[in-house]
Protein chains: 2
Amino acid sequence: MSIRIGILGYGNLGRGVECAVEANSDLELVAVFTRRDPESVKIATAGVPVVNVKDAQDWQDKIDVLIICGGSATDLPKQTPEFIKYFNVIDSFDTHARIPEHFENVDKAGKESGHLGIISVGWDPGLFSLARVYGNAILPQGKDYTFWGRGVSQGHSDAIRRVEGVADARQYTVPVESALEAVRSGKNPELTTREKHTRECYVVVKPEFDNDTEKARIEKEIKTMPNYFDEYDTTVHFISQEELSANHKGLPHGGFVIRTGATGHEKENNHIMELRLQLDSNPEFTTSVLAAYARACYRLAQKGETGCRTVLDIAPALLCQQNGEELRAHLL
Amino acid sequence: MSIRIGILGYGNLGRGVECAVEANSDLELVAVFTRRDPESVKIATAGVPVVNVKDAQDWQDKIDVLIICGGSATDLPKQTPEFIKYFNVIDSFDTHARIPEHFENVDKAGKESGHLGIISVGWDPGLFSLARVYGNAILPQGKDYTFWGRGVSQGHSDAIRRVEGVADARQYTVPVESALEAVRSGKNPELTTREKHTRECYVVVKPEFDNDTEKARIEKEIKTMPNYFDEYDTTVHFISQEELSANHKGLPHGGFVIRTGATGHEKENNHIMELRLQLDSNPEFTTSVLAAYARACYRLAQKGETGCRTVLDIAPALLCQQNGEELRAHLL
């Protein structure tokens with residue numbers, strides 16, 4: 001029998017979950033919930049209904065796990081504590097500083113309703129968090145490094161689009177190779193923000209701003225933008241809309257989590273643990289992680305667990321379609 | 001209150017566990033058990049008794065977790081099912097093909113005695129297994145690659161020492177850089193044994209064999225040795241005992257687990273997940289992993305769990321000294 005999955009929200013993440021469900025033979029998509037007019041939402045899976053989110057409660061007995069595909073800024077802080085009243089839920093809440101508060105809200109609502117939720121599932125938070133926790137547990141005397149990229153930062157791309165005269169933009173976060181090498185050498189360098197990442201911007205200007213004076217102003221406004229760019233070495237490339245559409249349409253991302261630490265009575269032996277992700281599609285990889293944790297959520301809920309969990313609380317074997325015996329024989 | 005650790009066997013692994021206990025403030029070493037004359041075993045930690053293994057049962061109430069540091073060939077298949085009768089236990093059993101059988105034996109004995117055991121803890125099996133399981137769960141349609149090295153293979157070094165005329169030897173397993181690059185490129189290459197690793201041998205000949213004829217014979221015997229070397233490109237370097245002792249004394253190791261897989265309705269997006277370990281000391285890193293899982297073993301045993309587990313069954317948060325709230329605030 002399949003695990004019955006619902007999707008709430010049909011943007012990049014919702015579409016990614018749909019792909020991921022398709023890729024896992026024990027998962028079955030049963031409904032997509034939307035705040036839009038359901039008639040206006042065409043999904044890729046034949047025969048699966050699109051339902052107004054207001055009617056979601058009617059689906060309580062037909063869905064094993066609801067994957068909530070909203071944004072972290074305003075959607076998830078409301079949606080996850082709300083929908084755990086009716087469903088076991090998964091989200092990809094990624095505002096690190098607000099995780100403790102979100103966890104408490106979901107935990108309380110889940111315990112009250114008797115449902116289980118797993119929050120902050122994805123790659124950071126998510127797989128990168130796992131790498132940090134395994135690294136800290138195994139090398140308690142050590143140092144953590146997280147690098148992001150090469151990949152598209154949607155927040156930074158949006159910030160550039162708000163500059164006057166900009167028609168479209170893509171921003172790549174790029175880890176500095178020499179900083180990575182310094183970390184991998186085991187030297188435990190102290191690295192500033194500027195030393196770890198550079199920012200590459202591809203910018204399309206509106207026709208009426210397509211002159212040297214305006215482009216110089218736009219470049220300066222980008223490079224000096226507080227919080228987003230001023231602490232980084234930033235390069236700005238002006239390109240045409242055609243070039244942006246042709247070469248910068250994807251949402252690749254990735255990065256590195258490196259834990260360095262020493263062992264031995266004299267701390268004479270150095271060790272380096274490194275997780276690297278190279279992702280063609282940030283949303284599709286994130287949702288592949290969501291699908292695996294939906295399986296774990298279902299299994300734990302079946303055992304009667306309620307409240308809130310994160311990836312740190314979930315035993316790896318629960319994520320796989322194979323049972324324990326198969327995993328021990330083939331993957332251990 | 002500290003978690004009270006016992007060590008069974010005081011070789012490379014036993015000494016490594018001793019270091020790892022020292023590095024974790026919530027672990028406390030209370031006894032080392034040995035098959036040798038306890039008087040002959042000097043350990044690094046002041047005030048901790050060395051006890052004949054025959055008297056281990058007397059320590060049942062004084063030890064929370066016994067870390068068994070025997071070899072996988074003959075020690076652990078007997079020791080782990082035996083000592084779980086009296087203790088919660090951890091081992092680093094690493095004969096992949098025999099894990100299912102070892103698991104069953106430890107599981108049965110643990111359930112009977114009411115103790116918990118975690119087997120096959122280390123980096124392969126261990127962290128590499130985790131990487132494979134996370135990879136398979138998240139990218140179910142993909143391909144696994146495991147590379148080992150650059151590092152010392154003790155089994156291969158021993159095999160060289162058995163060749164007539166060899167006084168001492170060190171063998172390094174070396175991953176082939178071009179194979180790694182082919183995997184990282186996302187091309188999903190099919191790689192033969194020869195294409196993945198090379199073997200570098202540093203060999204000291206006995207004085208009476210130190211001539212060109214004998215060295216040519218020794219080199220040929222090594223390179224054609226079935227199972228160990230014949231399927232690999234092997235290089236043999238003859239060096240002096242002084243050089244071996246000066247430059248090849250350590251036990252470095254490491255390797256790579258890479259999962260490649262595609263997502264999207266047309267499988268149009270490729271993703272690469274890569275775990276890399278670079279370890280100055282294979283035994284000290286292995287025992288650092290053992291120490292972290294000893295903490296998890298204690299916590300689960302306190303909750304009444306019995307039988308056998310592997311790293312795949314253990315939630316990451318259980319490995320860390322920090323509690324869930326601290327982990328969510330700082331590492332998630």
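Lettering follows sequence order; numbering is per chain, from 1.
- Looking at every heavy atom in both residues, Ala23(B) comes nearest to Pro140(A) through O-CG, 3.8 Å.
- Contacts with chain B (heavy atom to heavy atom, under 4.5 Å) involve these residues of residues 116-131 of chain A, listed by number: Ser120(A), Asp124(A), Pro125(A), Leu127(A), Ser129(A), Leu130(A).
- Comparing Leu318(B), Asn270(B), Leu277(B), Leu290(B) by how many heavy-atom pairs each has under 4.5 Å with chain A, the most go to Asn270(B).
- With hydrogens and angles disregarded, no donor-acceptor distance shorter than 3.5 Å links the side chain of Arg276(B) to the backbone of Glu274(A).
- Taking 4.5 Å as the heavy-atom cut-off, none of the residues of residues 252-260 of chain B approach chain A.
- Heavy-atom distances place no part of Gln321(A) under 4.5 Å from chain B, backbone and side chain included.
- Contact between Pro100(A) and Ala329(B) at its shortest, heavy atoms only, is CG-CA, 4.2 Å.
- With rounding to the nearest 0.5 angstrom, the CD atom of Glu284(A) is 8.0 Å from the NZ atom of Lys267(B).
- Taking CE from Met273(A) and CG from Leu275(B), the interatomic distance works out to 7.0 Å, rounded to the nearest 0.5 Å.
- Here the straight-line distance linking atom CD1 of Ile138(B) with atom CG of Asn24(A) works out to 10.5 Å at 0.5 Å rounding.
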Val133(A) vs Leu319(B), side-chain contact (heavy atoms from CB on, under 4.5 Å): CA-CA, chis, key distance, verdict: CA-CA 8 Å; Val133(A) 163; Leu319(B) 304 173; 5.7 Å; no
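- Within 6.0 Å of the CD atom in Glu326(A), the count of heavy atoms belonging to other residues, nucleotides or ligands exceeds 12.
- Separating the CD atom in Glu104(B) from the CZ atom in Arg328(A) is a distance of 6.5 Å, to the nearest 0.5 Å.
- Interface summary for chain A: among Ser281(B), Ala292(B), Gly261(B), the most heavy-atom pairs under 4.5 angstrom belong to Ser281(B).
- Contact count versus chain A (heavy atoms, under 4.5 Å) is highest, among Gln278(B), Gln322(B), Glu268(B), His96(B), for Gln278(B).
- Of all the listed residues (Glu22(B), His265(B), Arg132(B)), the one sharing the greatest number of non-hydrogen pairs under 4.5 Å with chain A is His265(B).
- For Phe285(A), the parts sitting under 4.5 Å from any heavy atom of chain B are the backbone and the side chain alike.
- The shortest non-hydrogen separation linking Thr263(A) to Ser288(B) is CG2-OG, 3.5 Å.
- Note: Asn269(A) leads Thr146(A), Asn269(A), Asn136(A) in heavy-atom pairs under 4.5 Å with chain B.
- Here Leu327(B) contributes atom CG and Ile99(A) contributes atom CD1; the two are 12.0 Å apart, rounded to the nearest 0.5 Å.
- In plain terms, the two heavy atoms of Ile314(A) and Tyr134(B) that are nearest each other are O-OH, 4.4 Å.
- Residue Ala291(A) does not touch chain B at all, counting heavy-atom pairs closer than 4.5 Å.
- Pairing each heavy atom of Ala137(A) with each of Arg295(B), the nearest pair is O-NH1, 4.4 Å.
- With a 4.5 Å cut-off on non-hydrogen atoms, Leu139(A) touches chain B through its side chain but not through its backbone.
- Residues Asp280(B) and His271(A) approach most closely at N-ND1, 3.5 Å, considering heavy atoms.
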